[in-house]
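See below for the structure under consideration.
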Amino acid sequence: MSLISLVGVRKDFGIRTLFDNLTLHVGDKERLGLIGPNGAGKSTLMRLLAGLEPPGAGERRVLPQARIVLVSQEPEMDPERTVLEQVFAESGEKMELLRRYTALSDALGQAHAEGRDDTALLAELGSLNARMDQSQAWDLEQQIREVLDRLGIGDTQRKVGELSGGYRKRLALAAALVAEPDVLLLDEPTNHLDADCIQWLQGYLERFSGALVLITHDRYVLDQVTRRIVEVDRGEARSYSGNYAYYLARKAEEEAAAAASEAKFKGALRRELEWLKRGPKARSTKQKARIQRIEAMQEAPKRQTKGQISLASNQRRLGKRAIEAEDLAVWATDEAHTTGGTPLLKAFTYDFSPEDRIGIIGPNGSGKSTLLDLIAGRRQPHGGRLELGGTVKLAYFDQHSETVLGNTKALEKKVIDVVKEAASTVEVDGSQLSASQLLERFLFPPAQQHQPVSKLSGGERRRLHLCRLLIEAPNVLLLDEPTNDLDVHTLTVLEDFLEDFRGCVVVVSHDRYFLDRTVDRLFSFENGELQRFEGNYSAYLERQAAIASQPATRAASKPAPPDSSPPAEQPPAKTRRRSFKESRELAALETNLPAWEQRRGELERLMGASGSDYTALEALTQELSALLAQIEAGEERWLELSELSA
């Protein structure tokens, strides 16, 4: 059953077409992830699904009574409400039930006072009580406070107008989670959340009972939460029935097949051209037909390949000294320093080497961005010493880099002029590239290069600013939340670039996937001190989990007597053998799973060919949903059985 359907939708903004004849269905209990380049129209597609943006052509169909909530990147709120009032107001059906209960209670009291018949009111109140029990509306305030606390919002009486953009985004997310709608649309929900909040949100979304449509750069969340990926690119929406890992595997297969097909086509065209150059006389019908076929092959439209961002290393040599910090200390404000307040950072000493890959982690507000500001010279320490090496060429990609291109003067500039201000040409891998060629490598086609910056999305401005920074040939990179507003493809290429970057990299990020790929040493902010850890973020989490479990382990085990000998080493537990029945079941699954996968492919092709036949699409969607559940259960059972010994 489809809760929302977009059928034959077209959407354009002036000369730029985002979608043309796009069809997308959101089914019951859907787990759908939207991915695609910045500027491809993912956020616009979300607004179309929510009914907040009208399609230029085609239609939007929605199941009556379906409750739909969108958490956009810039949510609108009443600045005069308190945090608690705002979440109450956006709590959907639960709040409506509480309001109705209050109104009925008042009406019942009035009827009693006036001696009127209250039978109908009592019946309605009884029915309302049952609905409130079912939706747990009685505990609404407790639910709100718990979700706010999990998302790092403690002051519930603070005015919304006093909150930063990041906190308003968290507030909108909290209200949406408490409301528990039938369809939850989330546009980059992990932006501005720390790692603990993201981990909690991932678990919440895995348990969410409604349909979910998600845009996120956090690939761990994308992989764990989604069951279908829709790739939005060049006006099309292609569906892949599986999580992010499945999408990557299918995409790799498609790219390989397309490359082979292109090579085969070029080979055939080359042979035909060689034949033509031998000068055949166009006398026979057969020869004429062959010549016409060659002309058709030459005129055939070339396959439109997906743009590739190239961040090939272009940097200058870095000497032995990169960054030296000795007894570095800083307070939140100068006043806190003079009055003896708690410092953000105290007595930090470390020599950053030219090969360092450092990740800075910690809760929001702990001082991570402040440390990068100190290194960049934007802020002075209250104590200690900080020096940069004489050959350091530093580039700082901070959280507000899009605002560098967001002032009135910058918005009027053309995209290509922004790059030319830094360098008209740049040497990459021994070749000179013009500003236009470099922009093409960053997925800015020639037509877009001469548009004003004001036409770019927030993510595109971030990408443009990153391009400008990197062509200045830095050898020390400071990256503050670089994954915010960058699409997944850009992040993948940036990670590849950092692997080959010959210089020092210091990263502040809550993105677990990005940290795992880019750093090999962490500094964690803990009560104003930076605790050092060797390894990536996943290894850090494993260590923290082990530390957390140690007290319970010690309490559960009794200490051995002083004179007792150590316990004998226990033999490893033997793996249980498969029974005859389980072996038959495993064999059946190994036959059925490929057949089910084949049927899934058939259903996807049928859905793509159904056009606007809504009845057929709904039937196919229901069958596909049931089949996906069958495949998922079958794969889990196959894993269980295959781990048993034969």
Side-chain angles (χ1 to χ4, degrees), residues 35 37-38 195 217-220 222-223 244-245 247-249 251-252 255-256 306-320 322-323 352-361 372 375 391-398 401 426-431 433 438 441-443 462-463 465-523 532-542:
I35 65 174
N38 293 128
H217 62 261
D218 192 308
R219 285 150 288 178
Y220 282 147
L222 196 62
D223 194 54
Y244 182 63
Y247 158 78
L248 290 178
K251 196 67 179 174
E255 293 291 338
K306 185 174 181 179
Q308 297 292 322
I309 302 176
S310 173
L311 301 181
S313 183
N314 167 46
Q315 62 183 95
R316 62 196 75 198
R317 187 186 66 83
L318 179 60
K320 294 182 179 180
I323 308 164
F352 293 81
S353 76
E355 298 83 21
D356 262 340
R357 297 290 187 275
I358 304 291
I360 311 295
I361 61 175
L372 294 193
I375 296 173
T391 59
V392 165
K393 171 63 176 177
L394 187 144
Y396 187 7
F397 189 61
D398 67 11
S401 58
V426 62
E427 183 175 341
V428 176
D429 293 340
S431 302
L433 295 182
L438 189 71
R441 292 196 176 197
F442 275 78
L443 296 184
R462 293 269 287 175
R463 194 191 326 142
H465 186 64
L466 181 63
C467 171
R468 179 186 167 118
L469 284 177
L470 294 181
I471 67 172
E472 294 176 350
N475 50 30
V476 173
L477 283 177
L478 307 181
L479 305 175
D480 192 0
E481 295 295 353
T483 65
N484 284 357
D485 299 317
L486 290 182
D487 59 79
V488 169
H489 179 59
T490 305
L491 291 177
T492 301
V493 181
L494 176 58
E495 289 158 358
D496 292 340
F497 167 78
L498 292 178
E499 286 183 2
D500 299 327
F501 180 74
R502 297 183 302 277
C504 179
V505 179
V506 185
V507 180
V508 169
S509 180
H510 295 128
D511 190 313
R512 300 160 294 172
Y513 193 103
F514 188 82
L515 287 173
D516 277 350
R517 279 208 61 187
T518 57
V519 308
D520 48 30
R521 179 174 298 149
L522 293 171
F523 282 104
R532 178 171 167 176
F533 175 78
E534 299 297 326
N536 64 11
Y537 190 73
S538 289
Y540 170 80
L541 287 181
E542 290 175 5

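Please read all numbers here as calculations on a predicted model, not as lab measurements.
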Is there a donor-acceptor contact under 3.5 Å from the side chain of [X] to the main chain of [Y]?
| X | Y | answer |
| --- | --- | --- |
| His217 | Leu486 | no |
| Asn475 | Lys393 | yes |
| Arg512 | Tyr220 | no |

Approximate separation, where rounding is to 0.5 Å, of [X] [atom1] and [Y] [atom2]:
| X | Y | atom1 | atom2 | value |
| --- | --- | --- | --- | --- |
| Leu522 | Arg532 | CG | CZ | 11.0 Å |
| Leu394 | Leu478 | CG | CG | 4.5 Å |
| Asp487 | Ile35 | CG | CD1 | 9.5 Å |
| Arg357 | Asn536 | CZ | CG | 14.5 Å |
| Leu479 | Leu466 | CG | CG | 8.0 Å |
| Ile323 | Ile375 | CD1 | CD1 | 4.5 Å |

Inset, instruction - Determine, step by step, whether Asp223 and Tyr513 satisfy the side-chain hydrogen bond (donor to acceptor under 3.5 Å, both in side chains) criterion, reporting the C-alpha distance in whole Å, the side-chain angles of both residues, the deciding distance to 0.1 Å, and the verdict. - result: CA-CA 11 Å; Asp223 194 54; Tyr513 193 103; over 6 Å; no
Taking all non-hydrogen atoms of both residues, which atom of [X] and which atom of [Y] are closest, and how far apart?
| X | Y | answer |
| --- | --- | --- |
| Tyr537 | Asp516 | N-OD1, 3.1 Å |
| Asp398 | Arg462 | O-NH1, 2.9 Å |
| Leu469 | Pro474 | O-CD, 3.6 Å |

Report yes if some heavy atom in the side chain of [X] is under 4.5 Å from a heavy atom in the side chain of [Y]; otherwise report no.
| X | Y | result |
| --- | --- | --- |
| Val488 | Arg219 | yes |
| Thr518 | Phe501 | no |
| Leu477 | Leu470 | yes |
| His510 | Leu515 | no |

Inset, instruction - Would you please name every residue forming a side-chain contact (heavy atoms from CB on, under 4.5 Å) with Asp356, sequence neighbours left out? - result: Tyr350, Phe352, Ser353, Ile358, Cys504, Arg521
Legend entry - Non-neighbouring partners of Ala249 that pass side-chain contact (heavy atoms from CB on, under 4.5 Å), sequence neighbours left out: none
Inset, instruction - Quick one: list whatever passes salt bridge (Lys or Arg N to Asp or Glu O under 4.0 Å) with Arg517, sequence neighbours left out. - result: Glu495, Asp496, Glu499
Inset, instruction - Please test Val506 against Phe523 for side-chain contact (heavy atoms from CB on, under 4.5 Å), starting from the C-alpha separation and ending with a verdict. - result: CA-CA 10 Å; Val506 185; Phe523 282 104; over 6 Å; no
Legend entry - Derivation of the side-chain contact (heavy atoms from CB on, under 4.5 Å) call for Leu222 and Tyr247: CA-CA 11 Å; Leu222 196 62; Tyr247 158 78; over 6 Å; no
